[in-house]
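Each remark here refers to the structure printed beneath this line.
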There are 2 protein chains.
Amino acid sequence: MDTRTAEHICDDIEIRIVNGDLVEGKPLPAERSLMEAYGASRTVIREVITALTAKGFLRSRPRFRPIVCRPDASTAMHAAGGVIKHLLASSQNVHDLYQVRVLCERMLVRDAAVGAKREDIQRLRQALDDNEQAIDDSAQFYATDVAFHRQLYVISGNSAFPAIHQAFVEWLAPQWSQMPRSPERNRTNFLAHQAIFEAILSRDPDLAEKALISHLDSSWQFVSSTFFAEETP
Amino acid sequence: MDTRTAEHICDDIEIRIVNGDLVEGKPLPAERSLMEAYGASRTVIREVITALTAKGFLRSRPRFRPIVCRPDASTAMHAAGGVIKHLLASSQNVHDLYQVRVLCERMLVRDAAVGAKREDIQRLRQALDDNEQAIDDSAQFYATDVAFHRQLYVISGNSAFPAIHQAFVEWLAPQWSQMPRSPERNRTNFLAHQAIFEAILSRDPDLAEKALISHLDSSWQFVSSTFFAEETP
DNA sequence: TTCGATGTTTGGTATGACCATAATTGTTAG
DNA sequence: CTAACAATTATGGTCATACCAAACATCGAA
(Lines give C-alpha, C1' and ligand atoms only; values in the text may rest on other atoms or scores of the structure.)
Protein backbone atom coordinates (compact mmCIF):
# COMPACT_ATOMS: atom_id res chain seq x y z
CA MET A 1 0.00 0.00 0.00
CA ASP A 2 2.76 2.27 0.97
CA THR A 3 3.84 3.57 -2.38
CA ARG A 4 7.14 1.70 -2.65
CA THR A 5 7.05 -1.99 -3.24
CA ALA A 6 10.72 -1.88 -4.17
CA GLU A 7 11.79 -1.14 -0.61
CA HIS A 8 9.85 -4.05 0.79
CA ILE A 9 11.39 -6.50 -1.64
CA CYS A 10 14.77 -4.90 -1.01
CA ASP A 11 14.44 -5.41 2.72
CA ASP A 12 13.21 -8.95 2.26
CA ILE A 13 16.13 -9.95 0.09
CA GLU A 14 18.47 -8.21 2.49
CA ILE A 15 17.11 -10.38 5.28
CA ARG A 16 17.29 -13.50 3.17
CA ILE A 17 20.94 -12.75 2.55
CA VAL A 18 21.92 -12.17 6.15
CA ASN A 19 20.07 -15.22 7.45
CA GLY A 20 21.71 -17.40 4.85
CA ASP A 21 18.60 -18.21 2.84
CA LEU A 22 20.40 -16.75 -0.15
CA VAL A 23 23.83 -18.27 -0.02
CA GLU A 24 26.91 -16.10 -0.20
CA GLY A 25 28.89 -16.51 -3.38
CA LYS A 26 25.99 -18.02 -5.28
CA PRO A 27 24.19 -16.09 -7.99
CA LEU A 28 20.89 -14.40 -7.32
CA PRO A 29 17.84 -15.94 -9.04
CA ALA A 30 17.14 -14.56 -12.47
CA GLU A 31 15.29 -11.28 -12.66
CA ARG A 32 12.37 -12.94 -14.37
CA SER A 33 12.18 -15.53 -11.60
CA LEU A 34 12.19 -12.88 -8.93
CA MET A 35 9.43 -10.89 -10.58
CA GLU A 36 7.30 -14.00 -10.55
CA ALA A 37 8.25 -14.85 -6.97
CA TYR A 38 7.44 -11.38 -5.69
CA GLY A 39 4.62 -10.67 -8.10
CA ALA A 40 6.33 -7.47 -9.18
CA SER A 41 7.34 -6.09 -12.52
CA ARG A 42 10.83 -6.36 -13.82
CA THR A 43 11.22 -2.62 -13.42
CA VAL A 44 10.99 -2.84 -9.66
CA ILE A 45 13.08 -6.00 -9.47
CA ARG A 46 15.87 -4.28 -11.32
CA GLU A 47 15.58 -1.30 -9.02
CA VAL A 48 15.96 -3.62 -6.08
CA ILE A 49 19.03 -5.21 -7.60
CA THR A 50 20.77 -1.92 -8.30
CA ALA A 51 20.03 -0.70 -4.80
CA LEU A 52 21.34 -3.85 -3.17
CA THR A 53 24.40 -3.71 -5.37
CA ALA A 54 25.17 -0.16 -4.31
CA LYS A 55 24.62 -1.15 -0.70
CA GLY A 56 27.13 -3.96 -1.02
CA PHE A 57 24.80 -6.92 -0.70
CA LEU A 58 25.36 -7.95 -4.30
CA ARG A 59 28.28 -7.76 -6.65
CA SER A 60 27.22 -7.65 -10.26
CA ARG A 61 29.29 -7.71 -13.40
CA PRO A 62 27.65 -6.38 -16.58
CA ARG A 63 26.17 -9.45 -18.18
CA PHE A 64 26.23 -11.91 -15.31
CA ARG A 65 23.87 -12.86 -12.56
CA PRO A 66 24.53 -10.80 -9.45
CA ILE A 67 26.57 -12.62 -6.84
CA VAL A 68 25.29 -12.64 -3.27
CA CYS A 69 27.60 -11.02 -0.73
CA ARG A 70 26.95 -11.64 2.92
CA PRO A 71 28.10 -8.27 4.21
CA ASP A 72 30.95 -8.10 6.67
CA ALA A 73 32.97 -5.28 8.16
CA SER A 74 35.05 -5.18 5.02
CA THR A 75 32.11 -4.58 2.69
CA ALA A 76 30.83 -1.94 5.07
CA MET A 77 34.10 -0.07 4.66
CA HIS A 78 33.89 -0.58 0.93
CA ALA A 79 30.43 0.97 0.86
CA ALA A 80 31.73 4.02 2.66
CA GLY A 81 34.63 4.13 0.23
CA GLY A 82 32.37 5.26 -2.59
CA VAL A 83 31.94 8.53 -0.77
CA ILE A 84 35.33 8.69 0.88
CA LYS A 85 37.23 8.72 -2.39
CA HIS A 86 35.62 12.03 -3.27
CA LEU A 87 36.40 13.52 0.10
CA LEU A 88 40.04 12.68 -0.37
CA ALA A 89 40.25 15.14 -3.22
CA SER A 90 40.94 17.66 -0.48
CA SER A 91 44.38 17.23 1.03
CA GLN A 92 42.97 18.45 4.32
CA ASN A 93 40.70 15.44 4.44
CA VAL A 94 43.54 13.15 3.48
CA HIS A 95 45.47 14.49 6.42
CA ASP A 96 42.52 14.05 8.75
CA LEU A 97 41.99 10.49 7.65
CA TYR A 98 45.67 9.75 8.04
CA GLN A 99 45.59 11.15 11.55
CA VAL A 100 42.70 8.85 12.38
CA ARG A 101 44.87 5.98 11.30
CA VAL A 102 47.76 7.30 13.36
CA LEU A 103 45.56 7.55 16.43
CA CYS A 104 44.36 3.99 16.02
CA GLU A 105 47.80 2.58 15.54
CA ARG A 106 49.21 4.52 18.46
CA MET A 107 46.72 2.84 20.75
CA LEU A 108 47.21 -0.51 19.07
CA VAL A 109 50.96 -0.50 19.59
CA ARG A 110 50.50 0.58 23.18
CA ASP A 111 48.15 -2.34 23.74
CA ALA A 112 50.48 -4.66 21.88
CA ALA A 113 53.35 -3.56 24.11
CA VAL A 114 51.28 -4.36 27.17
CA GLY A 115 49.42 -7.46 26.16
CA ALA A 116 50.84 -9.12 23.07
CA LYS A 117 50.94 -12.90 23.38
CA ARG A 118 53.92 -14.98 22.36
CA GLU A 119 52.29 -15.97 19.08
CA ASP A 120 51.51 -12.33 18.36
CA ILE A 121 55.14 -11.42 18.86
CA GLN A 122 56.17 -14.32 16.70
CA ARG A 123 53.94 -13.29 13.82
CA LEU A 124 55.05 -9.71 14.13
CA ARG A 125 58.67 -10.79 14.03
CA GLN A 126 57.93 -12.83 10.94
CA ALA A 127 56.33 -9.83 9.29
CA LEU A 128 59.34 -7.77 10.23
CA ASP A 129 61.71 -10.32 8.73
CA ASP A 130 59.68 -10.43 5.53
CA ASN A 131 59.88 -6.70 5.43
CA GLU A 132 63.66 -6.73 5.76
CA GLN A 133 64.04 -9.31 3.03
CA ALA A 134 62.14 -7.05 0.63
CA ILE A 135 64.20 -3.91 1.08
CA ASP A 136 65.63 -4.16 -2.41
CA ASP A 137 62.26 -4.81 -4.04
CA SER A 138 60.10 -1.75 -3.58
CA ALA A 139 56.91 -3.42 -4.73
CA GLN A 140 57.44 -6.31 -2.38
CA PHE A 141 58.50 -3.93 0.33
CA TYR A 142 55.21 -2.10 0.10
CA ALA A 143 53.32 -5.35 0.49
CA THR A 144 55.31 -6.42 3.53
CA ASP A 145 55.06 -2.92 4.93
CA VAL A 146 51.28 -3.15 4.80
CA ALA A 147 51.42 -6.65 6.25
CA PHE A 148 53.53 -5.50 9.18
CA HIS A 149 51.12 -2.75 10.09
CA ARG A 150 48.21 -5.09 9.58
CA GLN A 151 49.67 -7.36 12.20
CA LEU A 152 49.29 -4.56 14.73
CA TYR A 153 45.56 -4.58 14.01
CA VAL A 154 45.34 -8.35 14.20
CA ILE A 155 46.97 -8.45 17.62
CA SER A 156 44.01 -6.57 19.05
CA GLY A 157 41.96 -9.72 18.63
CA ASN A 158 39.10 -7.53 17.45
CA SER A 159 37.73 -8.64 14.10
CA ALA A 160 36.78 -5.09 13.18
CA PHE A 161 40.32 -3.79 13.18
CA PRO A 162 41.69 -5.78 10.26
CA ALA A 163 38.78 -4.44 8.21
CA ILE A 164 39.59 -0.94 9.36
CA HIS A 165 43.20 -1.44 8.39
CA GLN A 166 42.12 -2.66 4.98
CA ALA A 167 40.02 0.46 4.58
CA PHE A 168 42.89 2.75 5.51
CA VAL A 169 45.13 1.02 3.00
CA GLU A 170 42.61 1.22 0.19
CA TRP A 171 41.60 4.79 0.82
CA LEU A 172 45.11 6.12 1.21
CA ALA A 173 46.54 3.99 -1.59
CA PRO A 174 46.08 6.70 -4.26
CA GLN A 175 48.38 8.99 -2.35
CA TRP A 176 50.86 6.30 -1.43
CA SER A 177 51.23 4.94 -4.91
CA GLN A 178 52.69 8.30 -5.94
CA MET A 179 55.28 8.14 -3.20
CA PRO A 180 58.84 7.89 -4.48
CA ARG A 181 60.47 4.66 -3.38
CA SER A 182 64.02 3.50 -3.08
CA PRO A 183 66.01 0.89 -1.20
CA GLU A 184 67.35 3.65 1.03
CA ARG A 185 63.89 4.84 1.90
CA ASN A 186 62.80 1.24 2.37
CA ARG A 187 65.65 0.67 4.80
CA THR A 188 64.66 3.72 6.78
CA ASN A 189 61.12 2.40 7.04
CA PHE A 190 62.29 -1.04 7.97
CA LEU A 191 64.38 0.38 10.78
CA ALA A 192 61.35 2.28 11.98
CA HIS A 193 59.35 -0.95 11.98
CA GLN A 194 62.16 -2.62 13.87
CA ALA A 195 62.14 0.12 16.48
CA ILE A 196 58.40 -0.36 16.97
CA PHE A 197 58.88 -4.08 17.28
CA GLU A 198 61.68 -3.71 19.79
CA ALA A 199 59.59 -1.37 21.90
CA ILE A 200 56.72 -3.84 21.92
CA LEU A 201 59.14 -6.60 22.79
CA SER A 202 60.47 -4.61 25.72
CA ARG A 203 56.90 -4.01 26.90
CA ASP A 204 57.23 -0.24 26.76
CA PRO A 205 53.99 1.36 25.55
CA ASP A 206 55.27 4.91 25.64
CA LEU A 207 58.33 4.02 23.63
CA ALA A 208 56.27 1.99 21.18
CA GLU A 209 53.89 4.87 20.66
CA LYS A 210 56.74 7.29 20.23
CA ALA A 211 58.40 5.05 17.67
CA LEU A 212 55.17 4.66 15.77
CA ILE A 213 54.47 8.39 15.72
CA SER A 214 57.95 9.06 14.47
CA HIS A 215 57.53 6.50 11.73
CA LEU A 216 54.12 7.64 10.55
CA ASP A 217 54.94 11.33 10.76
CA SER A 218 57.99 10.72 8.66
CA SER A 219 55.91 8.83 6.12
CA TRP A 220 53.43 11.66 6.02
CA GLN A 221 56.17 14.15 5.28
CA PHE A 222 57.25 12.02 2.39
CA VAL A 223 53.78 11.51 1.01
CA SER A 224 52.52 15.02 1.48
CA SER A 225 55.45 16.37 -0.47
CA THR A 226 53.99 14.69 -3.54
CA PHE A 227 50.81 16.73 -3.75
CA PHE A 228 50.83 20.50 -3.71
CA ALA A 229 47.79 21.06 -5.89
CA GLU A 230 44.75 22.12 -3.99
CA GLU A 231 41.93 24.49 -4.76
CA THR A 232 39.08 24.73 -2.32
CA PRO A 233 37.07 27.84 -3.17
CA MET B 1 30.04 0.87 -26.43
CA ASP B 2 30.76 -0.66 -23.10
CA THR B 3 27.47 -2.23 -22.10
CA ARG B 4 26.65 0.00 -19.13
CA THR B 5 25.52 3.50 -19.89
CA ALA B 6 24.11 3.78 -16.39
CA GLU B 7 27.56 3.77 -14.80
CA HIS B 8 28.78 6.56 -17.01
CA ILE B 9 25.84 8.77 -16.17
CA CYS B 10 26.20 7.80 -12.53
CA ASP B 11 29.84 8.84 -12.49
CA ASP B 12 29.06 12.06 -14.31
CA ILE B 13 26.36 13.09 -11.87
CA GLU B 14 28.61 12.10 -8.99
CA ILE B 15 31.23 14.48 -10.33
CA ARG B 16 28.70 17.22 -10.92
CA ILE B 17 27.67 16.87 -7.30
CA VAL B 18 31.12 17.03 -5.78
CA ASN B 19 32.24 19.95 -7.91
CA GLY B 20 29.13 21.89 -6.98
CA ASP B 21 27.54 21.93 -10.41
CA LEU B 22 24.55 20.28 -8.79
CA VAL B 23 23.95 22.25 -5.64
CA GLU B 24 23.63 20.52 -2.31
CA GLY B 25 20.17 20.66 -0.83
CA LYS B 26 18.53 21.46 -4.14
CA PRO B 27 16.41 18.88 -5.95
CA LEU B 28 17.79 16.88 -8.83
CA PRO B 29 16.34 17.72 -12.26
CA ALA B 30 13.27 15.73 -13.16
CA GLU B 31 13.81 12.24 -14.48
CA ARG B 32 12.33 13.19 -17.82
CA SER B 33 14.71 16.13 -18.07
CA LEU B 34 17.69 13.96 -17.30
CA MET B 35 16.74 11.37 -19.89
CA GLU B 36 16.67 14.12 -22.46
CA ALA B 37 19.92 15.65 -21.23
CA TYR B 38 21.77 12.34 -21.31
CA GLY B 39 19.90 10.88 -24.26
CA ALA B 40 19.04 7.82 -22.22
CA SER B 41 15.81 6.06 -21.42
CA ARG B 42 13.99 6.60 -18.20
CA THR B 43 14.89 3.09 -17.14
CA VAL B 44 18.56 4.00 -17.08
CA ILE B 45 17.96 7.33 -15.39
CA ARG B 46 16.00 5.68 -12.62
CA GLU B 47 18.71 3.09 -12.17
CA VAL B 48 21.22 5.89 -11.79
CA ILE B 49 19.05 7.62 -9.23
CA THR B 50 18.55 4.52 -7.10
CA ALA B 51 22.26 3.78 -7.20
CA LEU B 52 23.23 7.31 -6.21
CA THR B 53 20.64 7.24 -3.46
CA ALA B 54 22.07 4.04 -2.01
CA LYS B 55 25.55 5.52 -2.26
CA GLY B 56 24.48 8.55 -0.29
CA PHE B 57 24.73 11.19 -3.00
CA LEU B 58 20.98 11.68 -3.07
CA ARG B 59 18.28 11.53 -0.47
CA SER B 60 14.92 10.67 -1.94
CA ARG B 61 11.54 10.55 -0.33
CA PRO B 62 8.82 8.53 -2.07
CA ARG B 63 7.06 11.07 -4.21
CA PHE B 64 9.53 13.92 -4.17
CA ARG B 65 12.42 14.94 -6.30
CA PRO B 66 15.67 13.51 -4.96
CA ILE B 67 17.68 16.01 -2.92
CA VAL B 68 21.34 16.42 -3.74
CA CYS B 69 23.72 15.57 -0.90
CA ARG B 70 27.31 16.67 -1.18
CA PRO B 71 28.88 13.76 0.63
CA ASP B 72 30.84 14.38 3.77
CA ALA B 73 32.34 12.13 6.40
CA SER B 74 28.95 11.82 8.01
CA THR B 75 27.20 10.51 4.90
CA ALA B 76 30.09 8.11 4.40
CA MET B 77 29.39 6.64 7.81
CA HIS B 78 25.71 6.55 7.00
CA ALA B 79 26.40 4.59 3.82
CA ALA B 80 28.32 2.03 5.82
CA GLY B 81 25.50 1.93 8.31
CA GLY B 82 23.25 0.07 5.89
CA VAL B 83 25.54 -2.90 6.23
CA ILE B 84 26.64 -2.34 9.81
CA LYS B 85 23.14 -2.62 11.21
CA HIS B 86 22.97 -6.21 10.03
CA LEU B 87 26.36 -7.06 11.48
CA LEU B 88 25.22 -5.81 14.85
CA ALA B 89 22.69 -8.63 15.04
CA SER B 90 25.62 -10.59 16.45
CA SER B 91 26.49 -9.50 19.95
CA GLN B 92 30.10 -10.39 19.19
CA ASN B 93 30.18 -7.72 16.54
CA VAL B 94 28.50 -5.25 18.84
CA HIS B 95 31.25 -5.88 21.33
CA ASP B 96 33.94 -5.48 18.71
CA LEU B 97 32.48 -2.21 17.50
CA TYR B 98 32.20 -0.97 21.05
CA GLN B 99 35.83 -1.83 21.65
CA VAL B 100 36.80 0.17 18.60
CA ARG B 101 35.03 3.10 20.14
CA VAL B 102 36.78 2.48 23.44
CA LEU B 103 40.15 2.41 21.76
CA CYS B 104 39.49 5.69 19.99
CA GLU B 105 38.31 7.44 23.09
CA ARG B 106 41.20 6.14 25.16
CA MET B 107 43.60 7.81 22.79
CA LEU B 108 41.47 10.92 22.54
CA VAL B 109 41.39 11.46 26.28
CA ARG B 110 45.13 10.85 26.47
CA ASP B 111 45.68 13.50 23.83
CA ALA B 112 43.20 15.80 25.51
CA ALA B 113 45.07 15.41 28.78
CA VAL B 114 48.29 16.37 27.06
CA GLY B 115 47.20 19.03 24.65
CA ALA B 116 43.74 20.40 25.36
CA LYS B 117 43.55 24.17 24.95
CA ARG B 118 41.85 26.43 27.42
CA GLU B 119 38.75 26.73 25.20
CA ASP B 120 38.62 22.96 24.90
CA ILE B 121 38.67 22.59 28.66
CA GLN B 122 36.02 25.27 28.94
CA ARG B 123 33.68 23.55 26.53
CA LEU B 124 34.27 20.22 28.17
CA ARG B 125 33.47 21.73 31.55
CA GLN B 126 30.29 23.20 30.10
CA ALA B 127 29.32 19.79 28.76
CA LEU B 128 30.02 18.28 32.16
CA ASP B 129 27.87 20.89 33.88
CA ASP B 130 25.02 20.27 31.45
CA ASN B 131 25.37 16.61 32.19
CA GLU B 132 25.11 17.18 35.91
CA GLN B 133 22.04 19.36 35.53
CA ALA B 134 20.29 16.55 33.68
CA ILE B 135 20.79 13.79 36.22
CA ASP B 136 17.11 13.72 37.12
CA ASP B 137 15.95 13.70 33.50
CA SER B 138 17.12 10.48 31.89
CA ALA B 139 16.27 11.54 28.36
CA GLN B 140 18.13 14.79 28.76
CA PHE B 141 20.93 12.99 30.53
CA TYR B 142 21.44 10.73 27.55
CA ALA B 143 21.70 13.74 25.29
CA THR B 144 24.24 15.48 27.48
CA ASP B 145 26.09 12.21 27.93
CA VAL B 146 26.52 11.94 24.19
CA ALA B 147 27.48 15.59 24.00
CA PHE B 148 30.18 15.18 26.64
CA HIS B 149 31.78 12.29 24.81
CA ARG B 150 31.44 14.15 21.55
CA GLN B 151 33.50 16.95 22.98
CA LEU B 152 36.37 14.53 23.38
CA TYR B 153 36.25 13.95 19.64
CA VAL B 154 36.00 17.64 18.88
CA ILE B 155 39.09 18.46 20.92
CA SER B 156 41.17 16.44 18.50
CA GLY B 157 40.69 19.20 15.96
CA ASN B 158 40.23 16.52 13.34
CA SER B 159 37.02 16.93 11.37
CA ALA B 160 36.74 13.20 10.84
CA PHE B 161 36.36 12.38 14.51
CA PRO B 162 33.01 14.07 15.15
CA ALA B 163 31.63 12.09 12.22
CA ILE B 164 33.08 8.93 13.68
CA HIS B 165 31.51 9.73 17.00
CA GLN B 166 28.18 10.29 15.32
CA ALA B 167 28.50 6.89 13.67
CA PHE B 168 29.26 5.17 16.96
CA VAL B 169 26.24 6.79 18.54
CA GLU B 170 23.89 5.85 15.72
CA TRP B 171 25.12 2.31 15.35
CA LEU B 172 25.13 1.52 19.03
CA ALA B 173 21.89 3.37 19.74
CA PRO B 174 19.69 0.26 19.33
CA GLN B 175 21.50 -1.40 22.20
CA TRP B 176 21.68 1.72 24.32
CA SER B 177 18.03 2.55 24.02
CA GLN B 178 17.25 -0.70 25.81
CA MET B 179 19.51 0.20 28.70
CA PRO B 180 17.66 0.73 31.96
CA ARG B 181 18.08 4.27 33.22
CA SER B 182 17.67 5.91 36.57
CA PRO B 183 18.88 8.99 38.41
CA GLU B 184 21.21 6.79 40.43
CA ARG B 185 22.73 5.30 37.32
CA ASN B 186 22.92 8.76 35.79
CA ARG B 187 24.79 10.03 38.80
CA THR B 188 27.26 7.20 38.56
CA ASN B 189 27.89 8.07 34.96
CA PHE B 190 28.19 11.74 35.71
CA LEU B 191 30.81 11.01 38.35
CA ALA B 192 32.70 8.95 35.81
CA HIS B 193 32.60 11.85 33.40
CA GLN B 194 33.81 14.12 36.15
CA ALA B 195 36.71 11.80 36.90
CA ILE B 196 37.71 11.88 33.24
CA PHE B 197 37.46 15.64 33.19
CA GLU B 198 39.55 15.98 36.33
CA ALA B 199 42.22 13.72 34.91
CA ILE B 200 42.38 15.79 31.74
CA LEU B 201 42.52 18.93 33.83
CA SER B 202 45.43 17.57 35.80
CA ARG B 203 47.22 16.69 32.56
CA ASP B 204 47.50 13.03 33.43
CA PRO B 205 47.01 10.88 30.33
CA ASP B 206 47.37 7.56 32.11
CA LEU B 207 44.81 8.53 34.72
CA ALA B 208 42.46 9.90 32.08
CA GLU B 209 42.68 6.71 30.09
CA LYS B 210 42.12 4.64 33.18
CA ALA B 211 39.08 6.67 34.14
CA LEU B 212 37.67 6.37 30.64
CA ILE B 213 38.19 2.62 30.49
CA SER B 214 36.52 2.21 33.84
CA HIS B 215 33.57 4.28 32.68
CA LEU B 216 33.10 2.56 29.35
CA ASP B 217 33.63 -0.93 30.72
CA SER B 218 31.01 -0.24 33.34
CA SER B 219 28.62 0.97 30.67
CA TRP B 220 29.27 -2.13 28.65
CA GLN B 221 28.43 -4.33 31.60
CA PHE B 222 25.17 -2.51 31.94
CA VAL B 223 24.27 -2.67 28.30
CA SER B 224 25.38 -6.21 27.64
CA SER B 225 23.18 -7.44 30.47
CA THR B 226 20.20 -6.45 28.36
CA PHE B 227 20.77 -8.92 25.51
CA PHE B 228 21.35 -12.60 26.12
CA ALA B 229 19.72 -13.93 22.96
CA GLU B 230 22.16 -15.05 20.32
CA GLU B 231 22.14 -17.85 17.81
CA THR B 232 24.92 -18.07 15.27
CA PRO B 233 24.66 -21.47 13.57
C1' DT C 1 -6.02 38.76 -0.45
C1' DT C 2 -7.12 34.16 0.63
C1' DC C 3 -8.59 29.79 -0.16
C1' DG C 4 -9.96 26.06 -2.77
C1' DA C 5 -10.97 23.68 -7.22
C1' DT C 6 -8.50 22.22 -11.28
C1' DG C 7 -5.13 21.02 -14.55
C1' DT C 8 -0.15 19.88 -15.07
C1' DT C 9 4.17 17.84 -13.59
C1' DT C 10 6.49 14.11 -11.84
C1' DG C 11 7.69 9.93 -9.50
C1' DG C 12 6.15 4.75 -9.00
C1' DT C 13 4.84 0.83 -11.43
C1' DA C 14 3.59 -2.23 -15.17
C1' DT C 15 4.04 -4.22 -20.16
C1' DG C 16 6.18 -5.74 -23.83
C1' DA C 17 9.76 -5.71 -26.97
C1' DC C 18 14.60 -6.01 -28.88
C1' DC C 19 19.52 -6.77 -28.63
C1' DA C 20 23.87 -8.87 -27.18
C1' DT C 21 26.09 -12.04 -24.67
C1' DA C 22 26.39 -16.10 -21.44
C1' DA C 23 24.92 -20.66 -20.73
C1' DT C 24 23.15 -24.81 -22.55
C1' DT C 25 22.24 -28.06 -25.72
C1' DG C 26 22.73 -30.48 -29.85
C1' DT C 27 25.50 -31.89 -33.71
C1' DT C 28 29.17 -33.34 -36.20
C1' DA C 29 33.87 -34.43 -37.30
C1' DG C 30 37.97 -36.80 -35.84
C1' DC D 1 33.45 -42.07 -27.84
C1' DT D 2 35.09 -37.71 -27.37
C1' DA D 3 36.00 -33.14 -28.46
C1' DA D 4 35.36 -29.15 -31.15
C1' DC D 5 31.78 -26.53 -33.18
C1' DA D 6 27.11 -24.76 -34.26
C1' DA D 7 22.38 -23.71 -32.87
C1' DT D 8 19.24 -22.65 -29.31
C1' DT D 9 17.86 -20.78 -25.02
C1' DA D 10 18.31 -17.96 -20.85
C1' DT D 11 19.34 -13.71 -19.07
C1' DG D 12 20.81 -9.05 -18.35
C1' DG D 13 20.80 -4.16 -20.58
C1' DT D 14 18.10 -0.85 -22.84
C1' DC D 15 14.19 1.26 -24.86
C1' DA D 16 9.31 3.05 -25.65
C1' DT D 17 4.82 3.60 -23.87
C1' DA D 18 1.19 3.82 -20.79
C1' DC D 19 -1.38 4.60 -16.39
C1' DC D 20 -1.95 6.09 -11.65
C1' DA D 21 -1.58 8.89 -7.68
C1' DA D 22 0.57 12.34 -5.21
C1' DA D 23 2.82 16.84 -5.45
C1' DC D 24 2.84 21.22 -7.63
C1' DA D 25 1.23 25.29 -10.04
C1' DT D 26 -2.42 28.02 -11.73
C1' DC D 27 -6.30 30.56 -11.50
C1' DG D 28 -10.87 31.86 -10.34
C1' DA D 29 -14.33 32.64 -6.65
C1' DA D 30 -15.41 34.30 -2.04
Side-chain angles (χ1 to χ4, degrees), chain A residues 1-17 21-70 75 82, chain B residues 1-17 21-70 75 78-79 82:
Chain A
M1 351 280 93
D2 199 351
T3 164
R4 33 184 182 178
T5 57
E7 299 239 351
H8 298 334
I9 301 177
C10 198
D11 291 344
D12 185 67
I13 293 186
E14 225 173 279
I15 292 173
R16 290 176 56 186
I17 289 178
D21 187 0
L22 291 169
V23 186
E24 173 181 11
K26 304 269 292 185
L28 201 68
E31 295 178 358
R32 288 169 175 84
S33 307
L34 289 174
M35 59 185 280
E36 188 175 3
Y38 284 100
S41 75
R42 205 166 147 223
T43 309
V44 56
I45 295 297
R46 285 186 57 78
E47 179 175 336
V48 168
I49 290 177
T50 60
L52 289 176
T53 300
K55 281 188 177 186
F57 290 91
L58 298 176
R59 196 152 31 89
S60 52
R61 289 181 297 156
R63 291 235 159 228
F64 292 78
R65 307 263 284 279
I67 301 299
V68 174
C69 290
R70 177 190 248 96
T75 67
Chain B
M1 21 227 90
D2 200 349
T3 162
R4 35 186 180 176
T5 56
E7 298 238 351
H8 299 334
I9 300 176
C10 198
D11 291 345
D12 185 67
I13 293 186
E14 226 173 279
I15 292 173
R16 288 176 57 188
I17 290 178
D21 187 0
L22 290 170
V23 186
E24 173 181 11
K26 304 267 293 185
L28 201 67
E31 295 178 357
R32 290 169 173 85
S33 307
L34 289 174
M35 60 184 282
E36 188 175 3
Y38 284 101
S41 75
R42 204 164 149 225
T43 309
V44 173
I45 297 299
R46 285 187 56 79
E47 180 176 335
V48 168
I49 290 177
T50 60
L52 288 175
T53 300
K55 281 188 178 186
F57 291 91
L58 298 175
R59 196 152 31 89
S60 50
R61 288 181 298 156
R63 290 235 159 227
F64 293 78
R65 307 263 285 277
I67 301 299
V68 175
C69 290
R70 178 191 249 94
T75 67
H78 195 272

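So that the names make sense, note that chain A is the first sequence line, chain B the second, and so on, each numbered from 1. If you're wondering where the values come from, they're calculated on a predicted model, not measured in any experiment.
Each of B:Pro66 and A:Ser41 was assigned the nucleotide of DNA chain C with the nearest heavy atom; the assignment lying further toward the 5' end belongs to B:Pro66. With the nearest nucleotide of DNA chain D identified for both A:Leu28 and B:Arg32, A:Leu28 has the one nearer the 5' end.
One distance of note links OG1 of A:Thr50 with CD1 of A:Ile45; it measures 11.0 Å at 0.5 Å rounding.
Heavy atoms of B:Arg42 sit under 4.0 angstrom from at least one base atom.
Within residues 43-59 of chain B, the residues having any heavy atom under 4.0 Å from DNA chain C are, by residue number, B:Arg46.
In this structure B:Arg42 satisfies the side chain to side chain contact (heavy atoms under 4.5 Å, CB included) test together with B:Glu31, B:Arg32, B:Met35, B:Arg46, sequence neighbours excluded.
Separating the CZ atom of B:Arg61 from the C1' atom of D:dC24 is a distance of 13 Å, rounded to the nearest angstrom. One interatomic measurement links the two molecules: CD of A:Glu31 to P of D:dT14, which rounds to 11 Å at whole-angstrom precision. Straight-line distance from the CZ atom of A:Phe64 to the P atom of D:dA10: 18 Å, rounded to whole Å. In this structure, the CE atom of B:Met35 is 15 Å from the C1' atom of C:dT9, given to the nearest Å. Distance A:Ile67 CD1 to C:dA22 P: 14 Å, rounded to the nearest Å.
The only member of B:Leu28, B:Val44, B:Val48 that meets side chain to side chain contact (heavy atoms under 4.5 Å, CB included) when paired with B:Leu34 is B:Leu28.
Residues B:Ile13 and B:Ile49 fail the side-chain proximity criterion, which asks for heavy atoms closer than 4.5 Å. With contacts defined as side-chain heavy-atom distances shorter than 4.5 Å, the pair A:Leu22/A:Arg16 qualifies.
The number of heavy atoms from other shown groups lying within 6.0 Å of CZ (B:Arg65) is above 12.
For A:Arg65 and D:dG12, the shortest distance from a side-chain N or O to OP1 or OP2 is below 4.0 Å. Phosphate proximity of C:dT13 to A:Thr5: present, with a side-chain N or O under 4.0 Å from OP1 or OP2. Side-chain nitrogen and oxygen atoms of B:Arg63 include none within less than 4.0 Å of the OP1 or OP2 phosphate oxygen of C:dT10.
Of all heavy-atom pairs between A:Gly25 and A:Ile67, the closest is O-CG2, 3.5 Å.
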